[in-house]
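Single-structure report; data block below.
The basis for the numbers below is simple: all heavy atoms, side chains too, and nothing from hydrogens, waters or symmetry mates. The sequence lines fix the lettering, A, B, ..., with proteins before strands; numbering per chain opens at 1.
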Amino acid sequence: MAKQYWLMKSEPDAFSIDDLIKAKGQTSHWDGVRNYQARNFIKNGMKVGDLAFFYHSSCKVPGIVGTVEIITPPQPDPSAFDPKSPYFDAKSTQTHPRWYMVDVKFKQKFNDPITLESLRMNPLLKGFTLLNKGNRLSVMPVSFAQWQTILKMMSSPKDK
DNA sequence: GCCAACGTTGGC
DNA sequence: GCCAACGTTGGC
């Protein structure tokens, strides 16, 4: 099956792309997703080798800051089993796990973030899920066309 | 810090 | 199964 593309949000105060760069092997669990629609994208859609944009949300300048690679199949999110974790969910059990995660590996960090504002201004991204009014999904698919469009924004001098 | 928009919960 | 109340997300 062809490679799929994704966008994954994180609050940089909790986990930033620099945290991923500093992590052992530049890899990390992408845990704590507690939304069914986002969970379904992870559980039913993600495969090893897929690529994702790393998006910083709830911060001074929201935007895409780099890319990561999916390096494990979807697996039960252990933080849901841990009573001490802020992501603990008593309704998720070992036999019937409710929440899933993948591991990601750092690929690249952009010299300058591709800001939410600049994404909104790009007419080629009309209809992109991230830009939809009221969107709150923390994991969402990105079409190959959108992926290419966004990567071009990174390399274009006029966006600097 | 505000608040619009959305998702979840729980009573009925 | 409806829907009001509540909690959360996330841009501004």
* Residue of the set A:Trp6, A:Phe106, A:Trp30 for which ring pair (Phe, Tyr, Trp, His ring centres under 6.0 Å) holds with A:Phe54 -> A:Trp30

* Asked: Over how many whole Å does the gap from A:Arg34 atom CZ to B:dT8 atom C1' extend?
  -> 15 Å

Review item, side-chain donor-acceptor pairs of residues 136-149 of chain A, under 3.5 Å, at least two apart:
from	atom 1	to	atom 2	distance (Å)
A:Ser143	OG	A:Gln146	N	3.0
A:Ser143	OG	A:Gln146	OE1	3.3
A:Gln146	OE1	A:Ser143	N	2.9
A:Thr149	OG1	A:Ala145	O	2.8

* To do: Only counting residues at least two apart or in another chain, list the ones meeting salt bridge (charged side-chain N to carboxylate O under 4.0 Å, His left out) with A:Arg34.
  => A:Asp77

* Asked: Whole Å only: how far is the CG atom of A:Asn40 from the P atom of B:dG7?
  -> 13 Å

* Can you find a heavy atom in the side chain of A:His56 that is under 4.5 Å from one in the side chain of A:Pro113? -> no

What are the atom names and distances for every N/O pair under 3.5 Å that joins the protein to nucleotides 10-12 of chain C?
from	atom 1	to	atom 2	distance (Å)
C:dG10	OP1	A:Lys9	NZ	2.8
C:dG10	OP1	A:Arg136	O	3.0
C:dG11	OP1	A:Tyr55	OH	2.7
C:dG11	OP2	A:Ser58	N	3.0

* Asked: Between A:Met8 and A:Val102, does a side-chain contact (heavy atoms from CB on, under 4.5 Å) hold up when you go through it step by step?
  -> CA-CA 11 Å; A:Met8 302 166 87; A:Val102 291; 4.3 Å; yes

* Asked: Which of residues 83-92 of chain A have a heavy atom under 4.0 Å from DNA chain C?
  -> none

* Ring center gap for A:Trp99 and A:Tyr36 short of 6.0 angstrom -> yes

Please tabulate, for side-chain N and O atoms in residues 68-75 of chain A, each donor-acceptor pair with protein atoms closer than 3.5 Å (sequence neighbours left out).
from	atom 1	to	atom 2	distance (Å)
A:Thr72	OG1	A:Gln75	NE2	2.9
A:Thr72	OG1	A:Asp103	N	2.8

* Quick one: is A:Lys133 getting a side-chain N or O under 4.0 Å of the B:dA4 phosphate, OP1 or OP2? -> no

* To do: Starting at atom CG of A:Leu7, determine the distance to atom C1' of C:dT9, rounded to an integer number of angstrom.
  => 15 Å

* Could you name each residue pair satisfying side chain to side chain donor-acceptor pair (under 3.5 Å) that touches residues 9-25 of chain A, not counting sequence neighbours? => A:Ser16-A:Asp19, A:Asp18-A:Lys109

* Asked: B:dT8 P sits how many Å from A:Arg39 CZ, rounded?
  -> 10 Å

